[in-house]
Structures are given as structure tokens and as C-alpha cells.
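Below is one structure, written out as C-alpha cells; the observations come after it.
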Amino acid sequence: MTFSPEDKAARALLGITPSGIRKYFDLLSEMEDVITLGVGEPDFPVPWHITETAIYSLSKGYTSYTSNSGLLELRQVISEWLEGLYGLHYEAEDEILITVGVSEGLDLSLRALVNPGDEVIMADPCYVSYMPCTILAGGIPVMVPTRREEGFKLNPLALEKAITPRSKILLLNYPSNPTGATMSRAELIPIAQIVEAHDLVVVSDEIYERLTYGETHCPFASLPGMKERTILLNGFSKAYAMTGMRVGYAASNKTFIGLMTKIHQYTALCAPTTSQMGAIEGLRNGSASVTRMVKEYDQRRRFFVDGLNKIGLECSLPEGAFYAFPSIRVTGLTSEEFCDRLLAEKKVAAVPGSAFGESGEGHIRCAYANAMPNLKKALDRMGEFVKGLGVCR
Ligand code: PLP
């Protein structure tokens with residue numbers, strides 16, 4: 001009998017396509033002189049005091065597994081941090097779990113709560129992992145369109161319309177990847193009322209919390225009645241530029257954290273010890289480094305968005321994260337055509353909005369976590385490209 005690896009694949013994977021972002025990474029690796037606005041990753045190195053702490057911990061022999069839940073010291077620092085900043089109290093012992101980045105926290109949250117056929121509601125466009133992770137957990141993703149005219153914010157009426165008797169989880173992300181939109185406390189209150197009325201659980205991915213440029217970030221769990229029913233996800237990848245160190249955390253009630261820990265202990269065991277050591281240093285002494293990076297992102301944000309508007313790609317000023325999400329409708333191209341041609345003809349890599357959901361079509365995602373001279377060059381090239389299409393000023 002001939003052996004067919006394809007026939008052996010788990011059926012759950014059949015409907016899952018590779019991330020629309022990957023294609024651009026693969027193309028990029030074969031090209032020279034490309035300016036990439038495609039990668040959702042800080043261009044800064046990990047602040048040196050964090051790296052030094054991590055190296056020191058290695059040299060001191062801190063190389064064994066930690067507790068499944070993560071180093072108690074890190075959980076205590078996180079607990080103090082959330083209490084100090086937002087008045088949110090989580091017990092370090094059993095209400096906080098250290099994860100392998102927010103990616104693992106997301107997967108654990110969904111696997112811990114989803115039964116086959118449960119519906120998980122999310123904004124469209126949204127981060128590329130949400131839909132596949134929901135499907136892998138046996139759930140059904142339900143997309144709530146968000147609109148440019150409303151700043152890509154989750155509209156309570158649209159949310160209410162998406163709810164059915166199978167709805168179980170509302171998956172939130174603000175500030176948002178890919179739109180940079182965030183939600184204020186006043187905008188979140190009607191969402192919380194709907195959550196309560198329909199007895200939903202909220203998984204709130206707040207990984208860009210520190211990268212908020214206007215009003216202070218408001219964690220969903222801090223809204224009246226929401227702490228018990230929310231799993232707060234956060235991590236060190238974005239604010240501390242620690243993407244490759246793979247460390248994040250989940251905070252919630254004991255039951256949810258217990259369920260997540262059950263999966264985590266059999267699948268990941270623990271987050272990397274060295275990275276947990278670095279994360280402690282980051283939270284304790286990293287504020288100045290974060291502030292410095294956020295200040296720089298803010299300057300780039302204004303410069304880049306202004307430049308996009310000048311070349312005719314309409315873009316509102318994003319309130320958080322490090323993404324601009326301009327409209328490319330004026331060009332008449334699909335977002336994929338736009339990005340393919342921009343890369344081939346002008347060597348600038350951006351990501352088609354359609355990679356993040358149907359409502360992302362007509363837009364492209366540009367990560368401005370890149371040095372000013374590169375952003376300037378990218379804008380020049382994009383300007384030439386758009387001008388060459390003969391559609392803009
Ligand atoms: N959530 C969002 C919204 C993201 O944009 C990303 C990374 O781009 C992640 C989660 C993954 O984060 P981590 O590196 O902590 O796994």
C-alpha cells in the first residue's frame with residue numbers, strides 16, 4: 001500500500017490556510033533592498049538591562065524548569081503591576097499563569113473553554129491567529145465587521161446582532177492589530193453590558209496596552225462586573241521588544257487559570273526560565289525603556305500617517321500599537337494586488353488588509369516599527385507607486 005502523508009492529516013487542519021503574512025516573509029527573504037513594513041515586531045533590541053539580567057541568570061545556573069504556573073516572583077510582580085496601575089487584584093498563586101507569549105495564552109483560553117460548536121465572536125479585521133485558533137479548539141469563529149468610518153471600533157449594535165444561543169466567548173483586542181484602533185472606557189461600557197446580558201466570557205488580548213498614545217489604556221477586566229468573566233492576556237513581546245523570548249501571561253479567576261494550567265503543564269510545561277527572569281527585570285525597572293520606545297513610535301506614527309495622507313492613501317491617526325491601516329480603495333486595486341505590485345515594483349513590503357478578514361479589504365497594514373530614514377524611503381517609493389497608477393494627486 002502506498003503511504004500518503006496527506007491522508008493522515010488531522011481533519012481540523014483542512015480548513016486552515018497559512019497566514020497571509022507568511023507569504024510576504026518568504027518572498028522578502030529572496031529579495032535585496034526591500035523596506036519592510038510587514039513585520040509586526042519592534043525594531044528595537046531588548047533593553048540591555050533585561051538582556052543582562054537574562055544572561056546573568058543563565059550564568060548563575062537558572063536553567064531548570066520553573067513551576068508550571070511560572071516563577072512565583074514574576075507572578076507577584078505582575079500582580080503588583082496590575083494592582084498598582086489599574087486597581088485590579090489577582091492572586092499571584094492561582095490567578096496568574098505565565099505563558100509562552102500571548103500566543104499560548106490565546107490558545108489555552110480557547111481550548112480551556114470551547115466545546116464543539118461554541119461560537120467565538122471577534123472583530124473583523126483581527127489578528128491572524130484568532131480564527132485558526134478558534135477552529136483548532138473546535139469552536140466557530142463569528143466575525144463582527146468593523147468599519148473605517150467608525151475608526152474600526154467594535155460597534156455594540158453589530159456585536160448584539162452577532163450573538164446567538166451558541167455564543168460563548170467574545171475575543172477582544174485593543175489596541176488592535178491590524179488597525180491600531182483602541183477602545184476607551186466609555187466605548188467599552190456598552191460592550192460590557194452586552195457581555196453581561198448574554199453571559200459571555202471575554203478573552204481580552206491587551207498585548208499593545210503600553211503602546212497607547214492618547215487616553216490611558218482601560219483593561220476590560222477593570223469594568224464593573226467584568227473581572228470574573230474575563231481572561232486578560234498580555235505579554236512582553238511588544239512593549240519590551242522581547243518577541244523572541246516568548247513570555248506572556250494570563251490573569252483570570254482561579255477556575256479558568258486552573259483549566260488553562262492543566263493544558264499548559266502537559267503541552268508547554270513552563271515558559272522559558274531565562275525569559276521569565278528577563279520579564280521580572282522588565283516590569284520592575286523597564287518603565288524608562290518602554291517610555292523611550294513609545295515616544296519614538298509616536299513620532300514615527302505621526303510622520304508616517306501624515307506621509308500616507310499626502311500621497312493620497314487616506315489614513316486616520318491610529319490610537320495604539322504600531323500599525324497604520326490606510327485605505328487603498330482610490331487605486332482600484334485589491335489589497336493583495338496592491339501589496340504584490342508594491343513589493344515587486346518598488347520593493348516595499350506591506351500586508352494586504354484581506355489577510356486579517358473580509359472587512360480589511362481595501363486597506364493595507366503598514367508596521368511603522370521601523371527607523372525614520374526607512375519610513376521616509378518607504379513613503380517616497382509608495383508615493384511613486386501610487387503616482388504611477390495615475391489615480392492620485
Ligand atoms: N496578539 C496580537 C494582537 C498580536 O499582534 C501578536 C503578535 O503580533 C500576538 C498576540 C502574539 O504575541 P506573542 O509574541 O506574545 O505570542
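Whatever order the structure lists ligands and atoms in, that order sets their numbers, starting from 1. All residue numbers in this chain count up from 1 along the given sequence.
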Identify the closest protein heavy atom to atom 11 (C) of ligand 1: which residue and atom is it, and at what distance? Ser103 OG, 3.4 Å
With a 4.0 Å heavy-atom cut-off (strictly under), which part of Tyr130 contacts ligand 1: side chain, backbone, both or neither? side chain
Quick one: does Glu104 get within less than 4.0 Å of ligand 1, heavy atoms only? no
Numbered in order shown, the ligand 1 atoms found under 4.0 Å of a heavy atom of Asn173 are 3 (C)
Check: Tyr56 ring centre within less than 6.0 Å of His49 ring centre: no
Identify, by atom number and element, the atoms of ligand 1 in contact range of Gly101, meaning under 4.0 Å from any of its heavy atoms. 15 (O), 16 (O)
Whether Lys295 engages the ring of Tyr213 as a cation-pi pair (distance to the six-membered ring centre under 6.0 angstrom, angle to the ring normal within 45°) should be assessed. no
If you have a sec, work out which protein heavy atom is nearest atom 12 (O) of ligand 1 and how many Å separate them, to one decimal? Ile207 CD1, 3.2 Å
Considering only non-hydrogen protein atoms, determine which one is nearest to atom 8 (O) of ligand 1 and report residue, atom name and distance to 0.1 Å. Lys238 NZ, 2.6 Å
Counting from 1, what ligand 1 atoms have a heavy atom of Arg246 closer than 4.0 Å? 13 (P), 14 (O), 16 (O)
Nearest-option assignment for atom 13 (P) of ligand 1, heavy atoms, candidates Ser237, Gly248, Pro178, Ser129: Ser237
Can you check whether Tyr174 and His217 have ring centres sitting under 6.0 Å from each other? yes
Can you pull out the closest protein heavy atom to atom 3 (C) of ligand 1? Residue, atom name and distance to 0.1 Å, please. Asp205 OD2, 3.3 Å
Over 12 foreign heavy atoms within 6.0 Å of NZ, Lys377: no
Chi angles and distances behind the salt bridge (charged side-chain N to carboxylate O under 4.0 Å, His left out) call for Glu337, Arg341: CA-CA 6 Å; Glu337 286 165 350; Arg341 286 188 54 183; over 6 Å; no
Under a 4.5 Å side-chain heavy-atom rule over Ile, Leu, Val, Met, Phe, Trp and Tyr, are Met382 and Val305 clustered together? no
Where is the tightest heavy-atom contact between Pro42 and Ser237, given as atom of each residue plus distance? CG-O, 3.7 Å
min-distance protein heavy atom vs atom 15 (O) of ligand 1 -> Val102 N, 2.7 Å
Nearest heavy atoms of Leu82 and Ala251, plus distance in Å: CD1-CB, 4.3 Å
With backbone taken as N, CA, C and O and side chain as the heavy atoms from C-beta onward, which portion of Phe236 lies under 4.0 Å from ligand 1: side chain, backbone, both, or neither? neither
